[in-house]
Colleague: 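Okay, handing you the structure first.
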Amino acid sequence: MGDMVKGNIAVAEAAVRAGIIVYAGYPITPSTEVMEYLSTRMEDLGREFIQAESELAAINMVMGVSACGKRVLTASSGPGISLKQEGISYMAQMEYPAVILNVVRWGNGLGSLDGSQTDYHRETRGGGNGDYRNIILCPSTVQESVDLMYEAFDIAEKYRCIVEVMTDSGLGQMMEPCEYPEFRELTKCDWGLDGTYKVKRGDFLGRNIPGESETYMKKVRAMRENEQRWEMYGEEDAEYIFVAYGMPGRVMSGLVRTMRQQGEKVGILRPITVWPFPEKAFEEMKEKNPNLKGFITVETNGEGQMVDDVALYAKKYGMGTLPVYALPYVCGVPKDDVVAADFAKVKAGEIKEVY
Amino acid sequence: MAKTKKIPNLCNYAMFCAGCGHGVLVRLICECLEELGQEKNVIAAIGVGCSCHLKSGINCDLVQSPHGRAAAVATGIRRAEPDKIVFTYQGDGDAYNIGLAETLNAAYRNENICVFTVNNGNFGMTGGQMAWTTMPGQKTATSPRGRNIELTGIPIKIPELVSYSFKPAYVARGAVTTPAEIKRLKGYIMNAFQAQMNKEGYSLVEVMSTCPTNWGMDPIVAQKRLIEDVIPYYELGEFKKRGE
């Protein structure tokens, strides 16, 4: 078992080992430890650390590095990630890959510093202007944060897309034992700009927009087909399946096991990617379990956001008549006894389904 | 013996309006890069607006930056590729209005890049709206009664601000007017690139240009206005010389 490490520092070190040559960012609680750590770590390794004047500038610096085919990271939290959306949209269009860490904090606008899942809709739908998707990885432990951050760069380069690792205040600030992976060689993708103009630009007036869109959508379909990740437990005989990711996912993975020991017929689906949403898990549930009575999302936002996706995919895989409930706990980490009590209310009909 | 001037290989077809100064600036940048032996060692970050025409105007690697962010994009390129020539090509609306923060902060850090901005006193691509560089009383699409500087501020002078407030390597303002001025401007561009190759830091060269289409003037009349009415306000010359 590795040393105790704070979540934010662990993911930063994972990115270093994955081979980032530049970090550009702007301070914001609860993600700031990432850049504090990297300010000296990158320098010691002879790499580049930039304290940018804004989140907006930081993402554009990321774009410059990425255009050269090199690995780069930026990290922020809710409002800061809002400022980055312009750059993310441009990078999606140009197919510049990059990895972004969003240590989510609660709220609209300035919000608060509490851990939360209020950014779900924005992250899973692209976020900026346009018709693109980013792969969103949602760890629930510090070790999983490290493993996903390390792999995120490979995924980003495979599809030439943005990969976001989405944690929250709780996961970023807590300490857990973790093992680090090996150092990767620093690489440059063969398509990266190198000053020689080896990749010629097309005629930018004679663009074929439907063709461009179809090429991009082919990639989106491949991402959707190949990159769904999830953990599932108890789905074969559960009457109710809880769906929860991140910190609530971690709570529910434990609670479902306890509840099953107490005789409750429950299961858990923990999405590890929230885009692409793990729809294949719904296909499996449908095949394995004819006795399902409903889905219950456990989320830390105001009235459930992921609940929309659960309802959509339940419908897609022939379970559209089942009720879909949301247990939204706004912020922080949901507590076992509170969720268990609310589950009793769901069964008693005291909490109404959302869909 | 008379020398035949070849069009640099870096130059491609430019789609600027008749009488616009952009084309001359692109040509000068290409000439300088070739004379410095850097034509296969250069990555640009271009702005949004008429600068977008560089996609067809120059045969070199470039990144289409979001509006105003070219200096930040160039910063990323610089840090990723320390031995390449990195420059931005922007209009005044891009660099001094929407991109004021990115432009100033790159200068503030003394980032080792060259920034070329074309100052034609308005937003060209969108049809001649008022920019921070628009002259007092000048009529534009968004100041049809003439620019009211009481409400909108006075024309902005970024080269002066940058050279007096920060510690950049090189700052100058040239003009695409007479052959003599164009020759002088080429010297400024050369200095900017050489400063970068020498790792001296940030260079800014602002280029005064006409915008005949949006000024509603034929190119010769537009030149006359530029020389007589605009350049007296926007003093030409070197504000920060290398090694000073």
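Note on naming: letters A, B, ... go to the chains in the order of the sequence lines (proteins, then strands), and numbering restarts at 1 for each one.
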Colleague: Need one label for Glu39(B): side chain, backbone, both or neither, based on atoms under 4.5 Å from any heavy atom in chain A.
Modeller: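 The answer is the backbone of Glu39(B).
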
Colleague: For chain A, find which of Val63(B), Leu62(B), Thr75(B), Val86(B) contributes the most heavy-atom pairs closer than 4.5 angstrom.
Modeller: Leu62(B)

Colleague: Let me know if Val22(A) has heavy atoms under 4.5 Å from chain B in its side chain, its backbone, both or neither.
Modeller: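 For Val22(A), the side chain is the part near chain B, not the backbone.
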
Colleague: Using a 3.5 Å distance criterion without hydrogens, assess whether the side chain of Lys240(B) forms a donor-acceptor pair with backbone atoms of Lys167(B).
Modeller: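 Answer holds: no.
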
Colleague: Rounded to the nearest 0.5 Å, what's the gap from CE on Met61(A) to OG1 on Thr74(A)? Could you check?
Modeller: 10.0 Å

Colleague: Side chain, backbone, both or neither: which part of Arg78(B) has a heavy atom under 4.5 Å from chain A?
Modeller: neither

Colleague: Is a side-chain donor or acceptor of Ser209(B) paired with a backbone partner of Asn119(B) at a separation under 3.5 angstrom?
Modeller: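 Side chain of Ser209(B) to backbone of Asn119(B), a donor-acceptor pair under 3.5 Å: no, none is there.
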
Colleague: Just one of Asp131(A), Asn129(A), Ile59(A) clears the side chain to side chain contact (heavy atoms under 4.5 Å, CB included) bar with Ser89(A), so which one?
Modeller: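 With Ser89(A) as partner, Asp131(A), Asn129(A), Ile59(A) yield a single side chain to side chain contact (heavy atoms under 4.5 Å, CB included), made by Asn129(A).
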
Colleague: Heavy-atom cut-off 4.5 Å, strictly under: side chain, backbone, both or neither for Lys188(A) against chain B?
Modeller: side chain

Colleague: Chain B heavy atoms under 4.5 Å from Ala57(A): which part of the residue, side chain, backbone, both or neither?
Modeller: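 Both backbone and side chain.
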
Colleague: State the OG1-CG distance between Thr124(A) and Asn134(A), to the nearest 0.5 angstrom.
Modeller: 10.0 Å

Colleague: Below 4.5 Å, heavy-atom pairs only: which of Gln64(B), Arg79(B), His67(B), Lys40(B) has the largest tally toward chain A?
Modeller: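 Answer, by heavy-atom pair count under 4.5 Å with chain A: Arg79(B).
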
Colleague: Measuring heavy-atom distances to chain B, does Ile21(A) have an atom under 4.5 Å in its side chain, in its backbone, in both, or in neither?
Modeller: side chain

Colleague: Nearest 0.5 Å please: distance from the SG atom of Cys60(B) over to the CG atom of Leu10(B).
Modeller: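 Here the rounded value is 6.0 Å.
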
Colleague: What part of Ile85(B) lies closer than 4.5 angstrom to a heavy atom of chain A: side chain, backbone, both or neither?
Modeller: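 For Ile85(B), there is no contact with chain A at all, as no heavy atom is under 4.5 Å.
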
Colleague: Using a cut-off of under 4.5 Å on heavy-atom pairs, state which of Ala45(B), Pro66(B), Gly76(B) scores highest against chain A.
Modeller: Pro66(B)

Colleague: Count the heavy-atom pairs under 4.5 Å between each of Val72(A), Val199(A), Asp194(A) and chain B, then report the option with the highest count.
Modeller: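 Heavy-atom pairs under 4.5 Å are most numerous for Asp194(A).
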
Colleague: Mind checking the CD1-CZ spacing from Ile58(B) to Arg27(B)? Nearest 0.5 Å is all I need.
Modeller: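 That separation rounds to 12.5 Å.
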
Colleague: Considering the options Val24(B), Val26(B), Val118(B), which one meets the side chain to side chain contact (heavy atoms under 4.5 Å, CB included) requirement together with Phe16(B)?
Modeller: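 Of all the options given, the one that passes is Val26(B).
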
Colleague: Counting heavy-atom pairs closer than 4.5 Å to chain A, which one of Arg69(B), Glu102(B), Lys84(B), Glu81(B) comes out on top?
Modeller: Arg69(B)

